[in-house]
Amino acid sequence: MDLSPSELIRYQKQIVLPNIGREGQLRLKKARVLCIGAGGLGCPLLLYLAAAGIGTIGIVDDDRISESNLHRQILYRTQDIGQLKIIIAAKTLSALNPEIQINTYPVRLESHNAPALFADHDIVVDGTDNRKARYILNQTSLLQQKPWLFASVEGLAAQVGFFSGEGGPCYQCLFPDKDVMRPTCQENGILGVIPAMVANIQATEVLKYLLGLPVSLLNTILLYDAERLNFKKINLSADPNCVACSKNKGSNQMNVEQEVHIPEMTLSELYALRETTPDLQLIDVRSPMEHEQYNIGGVLRPLDISLNSAVLTGSLAEFDPEKLTVVYCRAGKRSHVAAQILLNAGFKQVQQLKGGLNGASI
Ligand SMILES: [Zn+2]
């Protein structure tokens, strides 16, 4: 993959920057960013990510454009009222930058679809203004060890932060009580320019991350008070009792998996074993989308992650718990959880592919 002559012209002002160059621009072209929500945060965020040359942008939103969106959701025009946001967003972004790929997902983020959506992207950006979605983002990010950016906006104030997904601190360390309901901007009102400010900070951090530059909001929350034009950064530390990221909570299956040892094998060991053990049971716990793209012959049983637990989708009845069973995923994290589910279900010999398909060494 290289930059075309027209891309070299389009991104000229970025490419001349010493931190970016042709190589950095190519990194952006290869990048895949998922934006959850195409509203007040999503609109400016998507415009800048598309303009900057992110090669593939996914947009998750099932909402339609209403008149009260227009004071802040700047991808849309008055004549678009009633249309699906993702349709208009994709059309506008493609017109802005025809060099990039826009993928639309007309769904609401739920625990059952989050793993597949995450798996296909390098980084995920929260533009939801929805607390339930943020807990799903947090949990999926921890499971797949993939970063996400959080933002929340209310009135003339906002918060924004970056979580690595590689352990604590996580969003739930910051907001441990999932049942506390806070008003959304739809209930409380919002000044239209505020989400644009926050979305620009999110977009900047996404670009820095993809370019390999240090991310300033890692494990940090930035508080923005527009009324006094104050910015305040707060460093976060992991909560040792956090149910999402702590290793101390034995009741949570996703945490248990960090403590239980599952025997591992390399891809070459797996191939060799298949020759000598024809009744070896091989299970692919990735999403159907990942399975379709590339698979090594495993039976598909996607790992479905809900807020506090994980289950294997589909029946296990066709497998023999007495026989050797090998599970695999993309990076080895989901297969680790899946292996424990199988052990808990009475399977006697469970192993996993070391490092998943990505890390598999022959
Ligand atoms: Zn946590």
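Counting from 1, the numbers follow the sequence of the chain as shown. Just follow the structure's listing: the first ligand is 1, and inside any ligand the first atom is 1.
With values rounded to the nearest 0.5 angstrom, N138 atom CG is found 5.5 Å from W148 atom CH2.
Remark: aromatic rings of Y209 and F162 are close, center separation under 6.0 Å.
E166 and Q145 form no side-chain donor-acceptor contact under 3.5 Å, judged by distance and modelled atom types alone. A side-chain N or O of E99 and one of S6 form a donor-acceptor pair less than 3.5 Å apart. Using modelled atom types, one finds a donor on one side chain and an acceptor on the other under 3.5 Å when comparing Q14 with Q25. Side chains of Q281 and D279: no donor on one and acceptor on the other come within 3.5 Å.
Protein atoms that are N, O or S and lie under 2.8 Å from the Zn ion (ligand 1) are these: C170 SG, C173 SG, C242 SG, C245 SG.
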